[in-house]
Structures are given as C-alpha cells and as structure tokens.
Amino acid sequence: MHILDAIFLTSNTKVEGCPDPHIKEVAFIGRSNVGKSSLINMLVTKKGLAKTSGTPGKTQTINHFEVQVKQGKNWYLVDLPGYGYAKKSKSNRGEWQLMSKRYLQERENLVCTFILIDIRHEAQKIDLEFMEQILEWQLPMAVIFTKADKLKEQAALRMYEQYEQVMIERWGDSPNLFLTSAESQLGRDQLLKFIETLIS
Ligand code: GTP
Ligand code: MG
C-alpha cells in the first residue's frame with residue numbers, strides 16, 4: 001500500500017459524531033501508554049499527527065484519521081483512549097467503557113480492532129479479558145506487540161512466542177500477531193499489507 005498522506009478528521013466521545021462510515025476503518029486500542037498514537041504516526045510516517053505523550057491517558061476521545069492511498073481506497077485509522085489508566089476516577093473509567101463499548105459494537109464500517117500490547121510485559125489479565133470481550137462480541141481482532149526496540153531481538157521473539165502460547169491455551173487458537181516498533185519501523189510493511197487485505 002502506498003500511503004500519500006494522512007489527515008486528522010475529528011475527535012468524538014460518541015459514535016454519532018464519527019465521520020461518515022462510507023469507507024472502512026481499523027481501530028487501535030490497548031492500555032494507556034502502550035504506544036497506540038506513536039504506532040499510528042509510524043504507519044503513516046507523519047510524526048505529530050496523533051498526539052503522543054510520556055504521561056498515560058493522553059488520548060481521551062475517539063480520534064479519526066483518514067489515510068489517503070495511491071490508486072486504492074482511502075480508509076480511516078482510529079485512535080481510541082487507553083484502558084487501565086490508574087489515575088482515572090471510577091466514573092471516568094465507566095465513561096470510557098461505555099464509549100468504547102458503543103463504538104466497537106455500533107461502528108458498522110469497523111473491519112478490525114487491533115489490541116496493542118507492550119512486548120516487554122508478560123500476558124496481563126486486563127488485556128486478556130479485554131480480548132475475551134471482543135471475542136464474545138464476535139468482532140474481528142488482531143494483536144500488535146509494541147516497543148520491540150526496547151528488547152533484544154531474541155528476547156522480543158521469546159515474549160512473542162510466550163504470549164502466543166498463553167492465547168492458544170486459553171482459546172485454542174491465536175489471533176494474527178504483529179511485532180512492531182514505532183522507533184525502528186519494524187513490522188510496518190507487514191501490518192500495512194494485512195490492513196490492505198481488510199480494506200479492499
Ligand atoms: P495514551 O494515549 O495515553 O493511551 O497512550 P498511547 O498508547 O497513545 O501511547 P503513546 O503513543 O503516546 O506513547 C507512550 C510513550 O511510549 C511515549 O513516550 C512514546 O514515545 C513511547 N513509545 C511509543 N512507541 C514506542 C516504541 O515503539 N519504542 C519506544 N522506544 N518508545 C515508544
Ligand atoms: Mg494516545
């Protein structure tokens with residue numbers, strides 16, 4: 001896929017305000033600070049498009065970007081707020097759950113939800129439970145491991161395989177997995193090829 005440009009469209013707290021669903025979209029979700037916004041910028045090679053931060057909880061709304069493609073169909077890339085952000089109040093967390101749940105269940109042009117996982121950490125309950133929720137709703141999902149540059153290659157591969165094993169033990173199968181780094185651009189081509197199959 002040859003990406004010409006990517007532009008920010010809207011920030012929303014409700015599905016109703018999201019851009020017209022005439023083109024397909026993929027969404028990035030995961031724990032706060034996992035690298036969702038950084039990965040979006042890496043994929044479209046546009047630093048600063050999605051706002052990143054060292055402080056967890058930066059992205060608080062449903063953010064739509066339109067990716068413009070050479071000789072192909074444009075698509076939306078969606079940055080969702082992170083979950084598991086400890087500093088959020090309980091009522092805030094409830095709002096997040098409601099907003100994300102409604103978005104995931106009601107957005108008719110959503111073709112895949114990517115769950116982002118920091119490659120440095122072993123499988124955590126909060127992520128596995130979130131994936132189980134997505135499976136229960138029968139929505140297509142895939143897993144993206146982030147920050148691979150923070151580990152040596154062998155260590156990253158070991159974590160990847162361990163995680164895959166945990167999912168196979170839990171569900172008898174593993175979703176599509178991608179190993180990426182927003183720093184080194186690792187996994188970019190693979191991920192874009194996969195997205196291309198989803199949006200065409
Ligand atoms: P929220 O919007 O708060 O949920 O966070 P997010 O998931 O969008 O994370 P964000 O992209 O803002 O990145 C969080 C921090 O991790 C920033 O300091 C990034 O620079 C850093 N980071 C993200 N991706 C990578 C990566 O691939 N490698 C390294 N070394 N750092 C990364
Ligand atoms: Mg973010």
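Each ligand, and each atom within it, is numbered from 1 in the order the structure gives. Computation of the quantities below employed the complete heavy-atom set of this structure, encompassing side-chain atoms and omitting hydrogens, waters and symmetry-equivalent molecules.
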Let me see the working for Lys150 and Asp118 under salt bridge (Lys or Arg N to Asp or Glu O under 4.0 Å), right down to the final yes or no. CA-CA 10 Å; Lys150 296 236 187 197; Asp118 188 324; over 6 Å; no
Among all protein heavy atoms in this structure, tell me which lies nearest to [atom], with the distance rounded to 0.1 Å.
atom: atom 2 (O) of ligand 1; answer: Thr59 OG1, 2.7 Å
atom: atom 6 (P) of ligand 1; answer: Lys36 N, 3.5 Å
atom: atom 5 (O) of ligand 1; answer: Asn33 N, 3.0 Å
atom: atom 29 (C) of ligand 1; answer: Glu183 CG, 3.4 Å
atom: atom 21 (C) of ligand 1; answer: Lys147 NZ, 4.0 Å
atom: atom 20 (O) of ligand 1; answer: Ser38 OG, 4.3 Å
atom: atom 27 (O) of ligand 1; answer: Ala182 N, 2.7 Å

Answer yes or no: are there more than 12 heavy-atom neighbours, outside Glu122 itself, under 6.0 Å from its atom CD? no
Looking at Glu129, I'd like to know if its CD atom is crowded, meaning that more than 12 non-hydrogen atoms belonging to other residues, nucleotides or ligands lie closer than 6.0 Å. yes
Numbering as shown, the atoms of ligand 1 that approach [X] to under 4.0 Å (heavy-atom distance):
X: Ser37; answer: 8 (O), 11 (O)
X: Gly82; answer: 4 (O)
X: Gly54; answer: 18 (O)

Between side-chain atoms of residues 162-175 and protein atoms elsewhere (two or more places apart, or another chain), which donor-acceptor pairs fall under 3.5 Å?
residue: Arg170; atom: NE; partner: Glu132; partner atom: OE2; Å: 2.8
residue: Arg170; atom: NH2; partner: Glu132; partner atom: OE1; Å: 3.4
residue: Trp171; atom: NE1; partner: Glu132; partner atom: OE2; Å: 2.7

Pairing donors with acceptors under 3.5 angstrom, does anything connect the side chains of His64 and Glu25? yes
Going by atom types alone, do Asp149 and Ser184 pair a side-chain donor with an acceptor below 3.5 Å? no
Please indicate whether any nitrogen or oxygen in [X] is less than 3.5 Å from any nitrogen or oxygen in ligand 1.
X: Pro81; result: no
X: Ala148; result: no
X: Asp79; result: no

Sub-4.0 Å heavy-atom approach of Thr146 to ligand 1: no
Using the ring pair (Phe, Tyr, Trp, His ring centres under 6.0 Å) definition, which of the options Phe28, Phe145, Phe130 pairs with Phe114? Phe28
Residues Arg31, Asn33; criterion side-chain hydrogen bond (donor to acceptor under 3.5 Å, both in side chains); working and verdict: CA-CA 6 Å; Arg31 301 189 78 159; Asn33 220 36; over 6 Å; no
Heavy-atom pairs closer than 4.0 Å: do any link ligand 1 to the side chain of [X], the backbone, both, or neither?
X: Ser53; answer: backbone
X: Thr52; answer: both
X: Lys150; answer: side chain

Note: heavy atom closest to atom 9 (O) of ligand 1, options Ser181, Ser184, Gly35, Ala50, belongs to Gly35
Of the listed options Ile40, Asp149, Asp118, closest to atom 30 (N) of ligand 1 (non-hydrogen atoms): Asp149
Protein-derived N, O or S atoms sitting under 2.8 Å away from the Mg ion (ligand 2) total 2
Sub-3.5 Å donor-acceptor pair from the side chain of Thr45 to the main-chain atoms of Met42, do we have one? no
For the backbone of Leu186 and the side chain of Thr180, can you confirm whether one donor and one acceptor N or O come within less than 3.5 Å of each other? no
Counterpart residues, salt bridge (charged side-chain N to carboxylate O under 4.0 Å, His left out), relative to Glu106 (two or more places apart): Arg102
If we only count heavy atoms from C-beta on, is the Asn63 to Lys51 side-chain gap below 4.5 Å? no
Heavy atoms, side chains only, cut-off 4.5 Å: are Cys18 and Arg107 in contact? yes
Answer with yes or no whether the hydrophobic clustering places Tyr76 together with Ile7; edges join I, L, V, M, F, W, Y residues whose side-chain heavy atoms lie under 4.5 Å apart. yes
Go through the structure and list residues passing side chain to side chain contact (heavy atoms under 4.5 Å, CB included) with Leu139, not counting sequence neighbours. Leu104, Ile134, Trp137
